[in-house]
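Accompanying notes for the structure given below.
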Amino acid sequence: MLDIRQIPVLSDNFIYLAREPASGLVAVVDPAVPEPVLAEAARLGWTITHILNTHHHGDHVGGNLAIKAATGCRIVGPAPDAGRIPGIDLPLGDGATFDLGAERARVFFVPGHTRGHIAYWFEGAKALFCGDTLFSAGCGRLFEGTPGQMWSSLKRLRDLPPDTQVYCAHEYTQSNIRFAVTVDPHNADLRARETEVAALRAAGQPTIPSTIALERAVNPFLRADTAAVAAGVGLGGHDPVDVFAEVRRRKDNF
Ligand code: ZN
Ligand code: FE
């Protein structure tokens, strides 16, 4: 198992600390900033041994060098983007594995948001760290990739076991749902999630982690191959990549 702690930072980022209890190894996922991570690790009595980066954006790697300097940890990140990951020690490509003590992560190359984005799937711990590829009820903007690439990337994540916990890097759920209901208005699961999220946010609670099962039901970007979402963007019968591209385009302009 993994003991996973969520650290909210900046306006809407999540950093995660994950400790594998048998070995005591501790990974930080996508440290936007160093100080809150070092403080939380100290409070927990945890020694940071690794940083896992999903992609090169500053709000995911900004804490790399300071945390490495403070702890001597090893930095793990995407091989296709090794040149853009500060302090990287261990570049990993698609299909690679990374062992945090007794827990093994499988690396998925999931381009679209950036050209080198990867995700870490801890199969035994049922945890997916997907950075800015998959959000709850949303997905990352296509800064460096095509709709076809992102659709393929999201389908790989969608195919993971339904009970996989989705640890994404931003609390965007409520604004994502405000958009999602415009392209999937008759989705009862989405309306139920809308109600749940409103209550969580009103109570100051995070909406993350989500699960693959929930995202399959409510996320319009995972549902581009359903008749409902295709009809929702006026593209009934069209290729899912075209539907996905149109949903993404509308979200960009929402
Ligand atoms: Zn990003
Ligand atoms: Fe980000």
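The shown structure was predicted, so the numbers you read here are calculated from the model rather than taken from an experiment. In each ligand, atom 1 is the first atom listed, and ligand 1 is the first ligand listed.
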Fill in the blank from the handout: Atoms listed for the Zn ion (ligand 1) (protein only, N, O or S, under 2.8 Å, no waters) are H55 NE2, H57 ND1, H113 NE2, D132 OD2
Completion exercise
Value for CD (Q165) from CD1 (I212), rounded to nearest 0.5 Å, stands at 10.0 Å
Exercise for the section: Using a strict 4.0 Å threshold on nitrogen-to-oxygen distance, state whether D89 and R74 make a salt bridge. Expected result: no
Under 3.5 Å donor-acceptor pairs involving side-chain atoms of residues 131-140, not counting sequence neighbours:
unit_1: D132; atom_1: OD1; unit_2: H60; atom_2: NE2; d: 3.2
unit_1: D132; atom_1: OD1; unit_2: H170; atom_2: NE2; d: 3.3
unit_1: D132; atom_1: OD2; unit_2: H55; atom_2: NE2; d: 3.3
unit_1: D132; atom_1: OD2; unit_2: H60; atom_2: NE2; d: 2.8
unit_1: D132; atom_1: OD2; unit_2: H113; atom_2: NE2; d: 3.3
unit_1: T133; atom_1: OG1; unit_2: H117; atom_2: ND1; d: 3.2
unit_1: T133; atom_1: OG1; unit_2: H117; atom_2: NE2; d: 3.4
unit_1: S136; atom_1: OG; unit_2: R193; atom_2: NH2; d: 2.9
unit_1: S136; atom_1: OG; unit_2: E215; atom_2: OE2; d: 2.8

Exercise for the section: Answer whether the closest heavy-atom distance between the side chains of I51 and V61 falls below 4.5 Å. Expected result: no
Practice task
Anything under 30° is parallel, anything over 60° is perpendicular, the rest tilted; go ahead and classify W151 against F244.
Solution key: tilted
Practice task
For the pair R201 (side chain) and Q174 (backbone), establish whether a donor and an acceptor sit closer than 3.5 Å, ignoring hydrogens and angles.
Solution key: no
Practice task
Report the protein N/O/S neighbours of the Fe ion (ligand 2) that fall below 2.8 Å; do not count waters.
Solution key: D59 OD2, H60 NE2, D132 OD2, H170 NE2
Exercise for the section: State plainly whether the residues D159 and K155 are in salt-bridge range, i.e. N to O under 4.0 Å. Expected result: no
Problem - Note: D189-R223 ion pair, threshold 4.0 Å (strictly below) - result: no
Handout entry: Selection residues 76-104 - residue pairs positive for ring pair (Phe, Tyr, Trp, His ring centres under 6.0 Å), sequence neighbours left out
Key = H50-F98
